[in-house]
Amino acid sequence: MTTVRPLVPSADLRTVLGPEGAATLDEMAATLRATPASIDRLFPAAARRTARGPLAGTAHRIEDAVRVELVGAVASVRGPADLAEELRLLYRYGDADEKRAVLLALGGIDDVAVDARDLLLDALRTNDVRLVAAAMGPHARRLSAHDWRHGVLKCIFTGVPLAEVADLDTRADDELRAMVRRFADEREAAGRPVPDDAAALLTPRAETTTAPEKA
Amino acid sequence: MRIFDPHIHMTSRTTDDYERMHEAGVRALVEPAFWLGQPRTNVGSFTDYFDGLVGWERFRAGQFGIAHHCTIALNPKEANDPRCTPVLDVLPRYLAKDGVVAVGEIGFDSMTEAETDAFRRQLELAVEFELPAMVHTPHRDKEGGTRLTLDLVEASGIAPGMVVVDHLNELTVGPVDEAGCWMGFSIYPDTKMDPHRMVAILQQRGLDRVLVNSAADWGRSDPLLTLRTGEAMLAAGFSDDDVDRVLWRNPVEFYGQSGRLMLPGDPDDLDGAVDEVDESATFEGNSILRGARVQAS
């Protein structure tokens, strides 16, 4: 079995859903633990059976948190390979909301045996900014340096805040900054504004590394 | 005037159209799955198209302040191609989705056995998924096709109120009305139906169970003919409330039967809710893309 970190603590989600919505979510999760394949119908119907909208006090949406819990229920009774295959099907036949929820669920899976970088690359090929943002979460650490840099650049280009990008501080390198520099140059040449996030990435940070000790 | 276009193929239209439609009062629409003009040759061609209807096109419409819904089906023309019919097995994946408000367009093109089979199976799917059915009537022998359509609808056991029979004219409206189905009218620049003939039908039959659409697609068509019909109704003495009923409340009532409409806020007070959407809202402020709030309690 594989663990899927919920988007928000389960108790908080149930408080937001209220008794009826919480009972529906529990019932769907129980069904999935008994019959994991039923996720093909429960996943798309999840929002209308529980609730949708911003999840107060968080950056998340209620329906996303519900769907990630449903993935968690399937993960608890499936091996990593089967789970990855199920997520691939949910993504393949998902609408944009469902696809986003799959990407968010992947962000909560640390199991190295679940590798769905192909789904991230698919999302990064779209122009739907909600998918682009969700693709650059924690699962993106599986992307190659090349693909990850292009993902960051796409975020800047499409207006996805870089705060959505996981591991930005530790992974941004000189090559990324060179790419962003060229993007900024192009914008400046065209008399167009350079997004704040791009400018921030190009601003030299205070020196934090210590000088190597002399031998 | 607020307008819900219950049948328009936005995939074939430009962003200029979205802008003009919003300016004309269009705040919601339904895009039925249909023939692309160029015949498909495999199932993947359908699924990519369906993905666009529940994905990219919904996002695109949202950027212009318009709530996008769709219907999903194997269309009658391509039901005749054995390379395409296996898509029937994939439809359940899509029929479970939010914003998929009917099975359609189904019906007849040339009234073949293969069309009859696909029509029957998809009416069964509508019953199974508790969805309305949107039925296209043929361009040729419309009268015969409509008669056969009503026979199949009756035999399927689906409630007549869950069915809209579309592209009607003066000759085909009567039997559909008598069967208790909804009556769809596609207002075209020079075929099918025009605003003034539409007004005459409304004067004769009343406003019950009538849906007026532009059916605009890749052919010569006009997404604003819903607005023109509303204007023609007013000029003929119908009230603002009558126009609102035909162009907004009727489609909301019909497709609302799916339980999957995604109208922002209160559907009876849509203008304010949607007008708040602007381009900067396409990332975080994207409630229009999800619309109807299911109350948490």
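Just so it is clear, the model here is predicted, and its values are computed rather than measured. Letters A, B, ... mirror the listed sequences (proteins, then strands); counts begin at 1.
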Check your understanding: Heavy-atom distance under 4.5 Å between the side chains of B/P92 and A/R41, does that happen here?
Key -> yes
Check your understanding: Does atom CD of B/E23 have more than 12 heavy-atom neighbours, drawn from other residues, nucleotides or ligands, at distances under 6.0 Å?
Key -> no
Revision key, fill the gap. In short, A/R48 meets B/A96 closest at the heavy-atom pair NH2-O, 2.7 Å
**Study point:** Whether over 12 other heavy atoms sit under 6.0 Å from A/E188 CD
**Key:** yes
**Study point:** Basic-acidic side-chain contact under 4.0 Å: B/K97, A/D97
**Key:** no
Study note, to complete from the structure: CZ of B/F59 to CG of A/D95, rounded to nearest 0.5 Å, is 14.0 Å
Exercise for review: Tell me, for A/L89 versus chain B, whether the close heavy atoms (under 4.5 Å) come from the side chain, the backbone, both or neither.
Suggested key: both
Exercise for review: Answer with side chain, backbone, both or neither: which region of B/V100 has an atom nearer than 4.5 Å to a non-hydrogen atom of chain A?
Suggested key: neither
Check your understanding: Do the side chains of A/R92 and B/D51 get nearer than 4.5 Å, heavy atoms only?
Key -> yes
Exercise for review: Look at atom CZ of A/F157 and say whether more than 12 heavy atoms of other residues, nucleotides or ligands are closer to it than 6.0 Å.
Suggested key: no
Point to revise | Reported CG-to-CZ distance for the pair A/L90 and B/R93, which is rounded to 0.5 angstrom | key: 6.5 Å
Review point. CG of A/D147: more than 12 outside heavy atoms within 6.0 angstrom?
Key: yes
Practice item. Taking all non-hydrogen atoms of both residues into account, name the closest pair between B/T47 and A/Y93 and its distance. Key: CG2-CE2, 4.3 Å
**Study point:** Interface moiety of B/Y94 toward chain A, non-hydrogen atoms closer than 4.5 Å
**Key:** side chain
Point to revise | Student check: side-chain heavy atoms of A/E63 and B/D98 closer than 4.5 Å | key: no
